[in-house]
Number of protein chains: 2
Amino acid sequence: MPKTVVKEEVGDKAADASFISDYLPYLLAHASHLISGQFHDQLRARGISVSTWRLLATLSSGDGMTIGALARIGLYNQPTTTKIIDRLEETGLVERRQDEKDRRKALVFITAQGRAMVDDLLGEAKAHEAKVTASYTPEEMATLKRVLRTLISRLEDDA
Amino acid sequence: MPKTVVKEEVGDKAADASFISDYLPYLLAHASHLISGQFHDQLRARGISVSTWRLLATLSSGDGMTIGALARIGLYNQPTTTKIIDRLEETGLVERRQDEKDRRKALVFITAQGRAMVDDLLGEAKAHEAKVTASYTPEEMATLKRVLRTLISRLEDDA
DNA sequence: TGAAATTATATCAATTGGAATATATTTATG
DNA sequence: CATAAATATATTCCAATTGATATAATTTCA
């Protein structure tokens with residue numbers, strides 16, 4: 001009769017000899033949840049919503065995007081993006097302009113007020129990123145980011 | 001007067017010489033979004049909600065968890081987890097049992113029906129993971145997962 | 001020109017999050 | 001040792017966001 005060692009302490013942080021601890025989608029979701037969650041706490045302390053941050057950060061890259069492009073890059077659905085932009089426009093952080101060439105398109109631009117807010121937040125975001133990656137060498141971090149970028153582009157090719 | 005080259009094509013998939021394309025939280029969120037989104041499509045084709053999948057998958061690791069542990073591991077808030085478990089219990093996929101030693105705790109167990117469903121889904125999830133990681137060598141994938149695990153544990157230590 | 005595709009929005013239901021509450025347990029204090 | 005304060009756990013309640021489907025407007029193309 002073999003003596004068996006039962007793995008206890010389920011129900012708390014340990015207990016991870018499990019499916020999810022080796023499941024790539026979970027690892028990505030978990031890392032994403034933790035790293036963004038920390039920054040979202042900083043946002044909340046300032047009374048800025050996550051969706052405001054995410055769409056302003058997206059827009060900071062290229063002003064004058066369509067709703068659809070904002071949705072794709074910002075990882076939101078198109079109808080959700082419309083509503084977020086509605087709110088941002090009401091608060092004066094962005095404005096819509098009709099595309100003259102293709103009148104189906106609404107191009108979104110950051111206002112001066114929105115630019116000031118996002119510049120400030122980009123600084124905070126970079127500082128936060130530097131803090132949480134401080135224990136890695138620049139080479140390690142560059143490698144990780146490169147691997148993630150190739151994973152992303154392969155996943156996009158599938159779809 | 002220096003000639004300037006303007007980078008155009010903003011508003012579509014290109015246009016990525018930007019903040020977010022080098023921002024680790026975005027890369028993680030993007031990869032997570034894409035990889036999980038693909039599997040969520042499969043779930044929807046079966047009429048299974050994402051929250052059902054996520055909590056059943058969490059439970060598959062260690063039956064008899066508390067709501068709090070389920071919330072932490074499943075990346076949900078505690079009140080949200082209560083509500084999801086309510087729904088799962090109504091559908092007969094899980095059941096609550098009061099912890100005798102500490103009567104504050106509600107322990108959650110998978111039913112036979114829930115076990116059948118999650119076993120099936122775990123198979124699908126593994127197949128999907130295999131498919132999207134097929135172009136990597138096992139070593140590359142092991143490395144990526146190891147890096148993610150260390151990142152996660154460092155982030156957890158901060159908090 | 002007419003059909004298909006693209007883009008944005010409106011509408012409605014359902015989920016989620018946050019604050020407050022209730023109950024049980026543990027710790028501290030006189 | 002008894003009892004009050006602090007902590008842990010789960011739930012309720014309300015507001016707000018999100019998602020899915022359907023619709024409207026414009027453009028493209030066959």
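Just the heavy atoms: all of them, side chains too, but no hydrogens, waters or symmetry mates, feed the values below. Throughout, a chain's letter reflects where its sequence line sits, starting with A, and its residues are numbered from 1.
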Contacts satisfying salt bridge (charged side-chain N to carboxylate O under 4.0 Å, His left out) that involve residues 45-54 of chain A (not counting sequence neighbours) are A/R46-A/D120, A/R46-A/E124

If I take atom NZ in residue A/K105 and atom P in nucleotide C/dT6, what distance separates them, rounded to the nearest angstrom? 11 Å

Do the rings of B/H128 and B/F39 sit parallel, tilted or perpendicular, given the 30° and 60° boundaries? tilted

How many Å lie between CD on A/Q78 and P on C/dT11, as a whole number? 17 Å

Find the distance A/R97:CZ to C/dA8:P and express it as a whole number of Å. 15 Å

With sequence neighbours left out, what residues match B/R149 under side-chain contact (heavy atoms from CB on, under 4.5 Å)? A/D22, A/L27, B/K145

Tell me: CD1 of B/I67 to P of D/dT12, nearest whole Å? 11 Å

Helix axis bend for the helix from C/dT1-D/dA30 to C/dG30-D/dC1 - C1'-based end axes, five pairs, 10° rounding: 20°

May I have all residue pairs that pass salt bridge (charged side-chain N to carboxylate O under 4.0 Å, His left out) and include part of residues 75-88 of chain A, sequence neighbours excluded? A/D86-A/R96

Between D/dA20 (P) and B/L43 (CG): distance, integer Å: 12 Å

Roughly, in whole Å, what's the span from CD in B/Q98 to C1' in D/dA8? 14 Å

Can you find a side chain N or O atom of A/R96 that sits less than 4.0 Å from OP1 or OP2 on C/dT9? yes

Among residues at least two apart in sequence or on other chains, which ones pass side-chain contact (heavy atoms from CB on, under 4.5 Å) with A/S49? A/S51, A/T52

Determine which pairs satisfy side-chain hydrogen bond (donor to acceptor under 3.5 Å, both in side chains) with at least one residue from residues 105-114 of chain A, sequence neighbours left out, and list them in order. none

Rounding to a whole Å, what distance do you find between B/D86:CG and D/dA10:C1'? 10 Å

Who passes side-chain contact (heavy atoms from CB on, under 4.5 Å) against B/Q78, sequence neighbours left out? B/I67

List, with names and distances, any nitrogen or oxygen atoms from the protein found under 3.5 Å away from nitrogen or oxygen atoms belonging to nucleotides 15-18 of chain D.
unit_1, atom_1, unit_2, atom_2, d
D/dT18, OP2, A/R87, NH2, 3.0

Tell me every residue that passes ring pair (Phe, Tyr, Trp, His ring centres under 6.0 Å) with A/H40, counting only those two or more places apart in sequence or in another chain. none

Could you tell me which residues satisfy side-chain contact (heavy atoms from CB on, under 4.5 Å) with B/A71, sequence neighbours excluded, listed by chain and number? B/T81

Per-nucleotide protein contact along nucleotides 21-30 of chain D, 5' to 3', at a 4.0 Å heavy-atom cut-off (B base, S sugar-phosphate only, - neither), is B----BS---

Distance check needed: D/dA20 C1' versus B/D41 CG, whole Å only. 13 Å

Is there a donor-acceptor contact under 3.5 Å from the side chain of B/D63 to the main chain of B/I110? yes

For B/H33, enumerate each residue passing the ring pair (Phe, Tyr, Trp, His ring centres under 6.0 Å) test, keeping only those at least two apart in sequence or located in another chain. none

